[in-house]
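Indexing begins at 1, ligand by ligand and atom by atom, following the structure's order. What's counted below: heavy atoms across the whole structure, side chains too, no hydrogens, waters or symmetry copies.
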Amino acid sequence: MSNGPIGVFDSGYGGLTVLKEITAILPQYDYIYLGDNARSPYGSRSFDTVYHYTLQCVEWFFAQGCPLVILACNTASAKALRTIQQNDLATIAPGKRVLGVIRPTTEIIGNFTKTKKVGILGTSGTVQSNSYPIEIEKFFPAVTVYQQACPMWVPLIENDEHNSPGADYFIKKNIGQLLTQSAEIDTILLACTHYPLLLDTLKQYVPAGTTILSQGEIVANSLVDYLQRHPDLESKCNKNGQLDFFTTDSAEDFDHHGAVFFGKPVKSTHLEL
Ligand code: DGL
């Protein structure tokens, strides 16, 4: 197996919030980011469609030499990761690995709640997959999980409308729907990598003292741990501190919007899949 960069994938820009944290604590590695903006959002698409889109992108990462790909997208992690890990990897790329964002989060979420009641905000696809309640039950059986789909949030963010009164309306509405399920929820997970951009607005609509968790830092810390536990794979990850961005849609748009998610300028290349 050849050496290469670590691949980071999202349907669009959201994964940049994860890459931002990963590069902050692991700047020494090379990374390539792919946003499948042309087919985003994934959140409202069927299992089959998300699986096929994600697999196609994962195969592209492997063709670039990536020994490890991180699906920095909850929808892809919920709907495609298991099948890729269990059915595809052995035939398309034995020895390479694909990781998601759900497992690192569910492993620790129970440590943040005192009431043992947590709320999950995600896309319709992530919520319908039930991945969070199923996985949290394995690590924290005493924790009750409440979920709320927020189907408008990703389109609002992707269209640069996340600071508008329209966004406020949908944020207030969906948070209200979550908190109506239990007034004791004290920890809310932003189970979509786009949502950290809404953090300031979200804080206005949750009770004081509520913990709101974003996944970037959690996934980054978990990657540090994973690379330490898998030295063979780690040795295949190139270390020149190089960052390359690709998008299946307009590179100009990606650079413009992507900088907001990444917190720094980005320069992308258009990719025809
Ligand atoms: N950012 C993605 C997630 O974490 C998905 C957004 C979408 O394409 O719907 O779920």
Side-chain angles (χ1 to χ4, degrees), residues 7-22 33-58 69-82 84 98-106 109 119-133 135 147-162 167 170-171 174 188-199 202 212-220 222 245-249 253-254 257-258 260-262 266 273:
V8 179
F9 171 72
D10 184 55
S11 59
Y13 303 113
L16 291 168
T17 64
V18 176
L19 182 63
K20 178 181 171 190
E21 303 299 335
I22 291 177
Y33 182 90
L34 172 60
D36 190 8
N37 297 78
R39 302 187 291 198
S40 167
Y42 279 14
S44 48
R45 298 192 192 277
S46 70
F47 265 82
D48 235 36
T49 301
V50 172
Y51 163 65
H52 285 294
Y53 286 177
T54 307
L55 180 61
Q56 195 187 8
C57 294
V58 164
V69 177
I70 296 160
L71 304 184
C73 171
N74 284 271
T75 311
S77 299
K79 292 186 160 187
L81 179 62
R82 185 168 299 229
I84 292 174
V98 183
L99 304 174
V101 288
I102 297 178
R103 170 81 189 246
T105 319
T106 53
I109 193 167
I120 304 293
L121 297 169
T123 65
S124 304
T126 298
V127 168
Q128 277 160 18
S129 76
N130 258 334
S131 300
Y132 276 95
E135 292 300 314
Q147 302 191 92
Q148 181 59 48
C150 312
M152 292 302 291
W153 292 12
V154 169
L156 282 164
I157 296 167
E158 294 259 326
N159 288 291
D160 232 349
E161 289 288 340
H162 49 284
F170 286 106
I171 291 169
N174 293 142
I188 294 177
L189 172 69
L190 306 185
C192 172
T193 53
H194 282 67
Y195 296 174
L197 264 75
L198 304 175
L199 199 56
L202 281 165
I212 303 179
L213 296 173
S214 300
Q215 292 176 306
E217 221 180 300
I218 296 171
V219 173
S222 162
F245 299 91
F246 292 86
T247 174
T248 55
D249 206 346
D253 287 352
F254 187 92
H257 293 294
V260 179
F261 289 76
F262 195 53
V266 299
L273 272 180

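- Taking the side chain to side chain donor-acceptor pair (under 3.5 Å) definition, one finds that Ser129 meets it with Ser131, sequence neighbours left out.
- Checked by atom type, the side-chain pair Thr17/Thr193 shows no donor-acceptor distance below 3.5 Å.
- A search for ring pair (Phe, Tyr, Trp, His ring centres under 6.0 Å) contacts involving Phe245 returns Phe262, not counting sequence neighbours.
- Ring centers of Phe246 and Tyr33: at least 6.0 Å apart, outside the cut-off.
- Within 4.0 Å of ligand 1, protein heavy atoms come from Asp10, Ser11, Pro41, Tyr42, Gly43, Cys73, Asn74, Thr75, Thr123, Val154, Cys192, Thr193, His194.
- The residues Glu135 and Arg82 are annotated as salt-bridged, a charged nitrogen and a carboxylate oxygen being separated by less than 4.0 angstrom.
- Listed by chain and number, the residues in a salt bridge (charged side-chain N to carboxylate O under 4.0 Å, His left out) with Glu217 amount to none (sequence neighbours excluded).
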